[in-house]
Amino acid sequence: MKILVTGKNGQLARSLAVRAQGRGIEIVLAGRPELDLENPSAFASVLKSVAPDMVINAAAHTGVDQQEDEPQRAFRINAEAPAELARLTRMAAIPIIQVSTDYVFDGKSGEPYVESDGPNPQTVYGCSKLAGELAVRSQNPDHLVVRTAWVFSQYGRNFVKTILSAAQTRKRLQVVADQFGNPTAAHDLADGLLAAARFRRDHQGFPQGLYHLAGQGRASWYELARQILEISKAVGGPIADVEPIASDQWVAMALRPANSELNSERFANDFGYRAGDWRDRVSSVVGNIIKDSVTGQDSR
Ligand SMILES: NC(=O)c1ccc[n+]([C@@H]2O[C@H](COP(=O)([O-])OP(=O)(O)OC[C@H]3O[C@@H](n4cnc5c(N)ncnc54)[C@H](OP(=O)(O)O)[C@@H]3O)[C@@H](O)[C@H]2O)c1
């Protein structure tokens, strides 16, 4: 089975490539410049030359604050491009997996969100990703939309690397303590998507179109930062104190959901995969980042 994955340098794309190794799934990564989501006229030729059995759209404009200033670009990348990819995959009679986000919710629920909860995005990012979900759904019936949250890994840019890098230059970090979610290891997200892909290969279709898949356990950004730095200290990495602050003490362009926990039970029931506990996964990712920094390996 061959899967074309967009966003070749992103956390999820790189994790899919690593986790598919030795599992009978060939991952072909594509990204800028050959597959630029702002240039949909190139999609058909990439699809033709790769001839995949499935597409996973892991590329997105993920700059949440930046998008508040460039909504048209956000919609081009996060909504119009997935629509065109979905249209082309339908014409090629292959399935598409679109990855989406907890930011489709307003974060006002006291409970983890289930798939039947109504979205109410509060940011350009959330609105554009929701539009992408709806577009994929309408353009290709053979689709899966998987919402995830708070993704971290040893690759690319993410909260774990931001905290480790801040601790190299500052002794005290202020981190928001009143926003909650499920930190999700990119390798776990990749494993879940590969389980769904195998399911699709072995059956006529996906059981349902919309799923949540996030790490087990709830955290605030503050708790996550503390865990990162505790592990860092234990393995000889950078150290800093963490001070909890409220959301209104943190200046950002985009409003973050106060509670964006996702209930991933439907995914576990239908695909038999559950992501790991965030504390365990943070331990191994921080360990790997620090080991790579000591050995001079590339964790960019
Ligand atoms: N990161 C999170 O916390 C999070 C949370 C919820 C949902 N998600 C969703 O999960 C998916 C994977 O996220 P991730 O963490 O792997 O994101 P990421 O590390 O930010 O990677 C996104 C990738 O998209 C690519 N991209 C951006 N604009 C593009 C364009 N115009 N054409 C082609 N590629 C473009 C980037 O390319 P360059 O490398 O060239 O910039 C990058 O490789 C996305 O759909 C995201 O919305 C992520």
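Count residues from 1 along the sequence. In each ligand, atom 1 is the first atom listed, and ligand 1 is the first ligand listed.
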Do me a favour and list the nearest non-hydrogen protein atom to [atom] with residue, atom name and distance?
atom: atom 3 (O) of ligand 1; result: V151 N, 2.9 Å
atom: atom 17 (O) of ligand 1; result: T62 CG2, 3.7 Å
atom: atom 5 (C) of ligand 1; result: W150 N, 3.7 Å
atom: atom 33 (C) of ligand 1; result: L35 O, 3.3 Å
atom: atom 34 (N) of ligand 1; result: A59 CB, 3.7 Å
atom: atom 32 (N) of ligand 1; result: L37 N, 2.7 Å
atom: atom 21 (O) of ligand 1; result: G10 CA, 3.2 Å
atom: atom 15 (O) of ligand 1; result: Q11 NE2, 3.0 Å

Looking only at atom types and distance, does a side-chain atom of S293 sit under 3.5 Å from a main-chain N or O of I290, one as donor and one as acceptor?
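Yes, S293 side chain to I290 backbone: donor-acceptor pair under 3.5 Å.
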Donor-acceptor pair, S260 side chain versus P257 backbone, under 3.5 Å?
no
Closer than 4.0 Å to some heavy atom of [X] - which atoms of ligand 1 meet that?
X: I77; answer: 31 (N)
X: G7; answer: 43 (O)
X: L12; answer: 12 (C), 16 (O)

Less than 4.0 Å between a side-chain N and a carboxylate O, is that true for E243 and R226?
no
Check this for me: does any side-chain nitrogen of one of E265 and R274 sit under 4.0 Å from a carboxylate oxygen of the other?
yes
Could you tell me whether ligand 1 has any atom less than 4.0 Å away from a heavy atom of [X]?
X: Y155; answer: no
X: S100; answer: yes
X: A58; answer: yes

Going by heavy-atom distance to [atom], choose the closest among [options].
atom: atom 39 (O) of ligand 1; options: N39, N9, V104, N57; result: N9
atom: atom 41 (O) of ligand 1; options: R32, R14, K129, K8; result: R32
atom: atom 44 (C) of ligand 1; options: G132, A60, A74; result: A60

Below the 3.5 angstrom mark, is there an N/O of [X], backbone or side chain, next to an N/O of ligand 1?
X: A13; value: no
X: D36; value: yes
X: V99; value: yes

Working for side-chain hydrogen bond (donor to acceptor under 3.5 Å, both in side chains), residues N182 and Q216:
CA-CA 6 Å; N182 306 115; Q216 282 184 58; over 6 Å; no
Identify which one of W150, F152, W221 satisfies the ring-ring contact (aromatic ring centres under 6.0 Å, His included) criterion when paired with F159.
W221
Show the numbers, then the answer: is there a salt bridge (charged side-chain N to carboxylate O under 4.0 Å, His left out) between R200 and D53?
CA-CA 10 Å; R200 176 61 189 79; D53 303 302; over 6 Å; no
Test log, rule side-chain hydrogen bond (donor to acceptor under 3.5 Å, both in side chains), inputs H61 and E70
CA-CA 10 Å; H61 189 341; E70 47 183 37; 2.7 Å; yes
Are Y211 and F206, when compared by the centres of their aromatic rings, separated by less than 6.0 Å?
no
Between F271 and F267, how do the two ring planes meet: parallel, tilted or perpendicular, split at 30° and 60°?
tilted
Check each heavy atom of [X] against ligand 1 and say whether those closer than 4.0 Å belong to the side chain, the backbone, both or neither.
X: F152; result: neither
X: L189; result: neither
X: Y125; result: side chain

Please examine the side chains of P112 and L262, heavy atoms only from C-beta on, and report whether any two atoms are closer than 4.5 Å.
no
Side-chain cluster (under 4.5 Å, hydrophobic types only) that M91 belongs to, other residues
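Members besides M91: none; it forms no cluster.
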Closest contact, heavy atoms only, G107 versus Y113
N-OH, 3.1 Å
Report the residues that fulfil side chain to side chain contact (heavy atoms under 4.5 Å, CB included) with R19, sequence neighbours left out, ordered by chain and then residue number.
R23, H187, A190, D191, L194
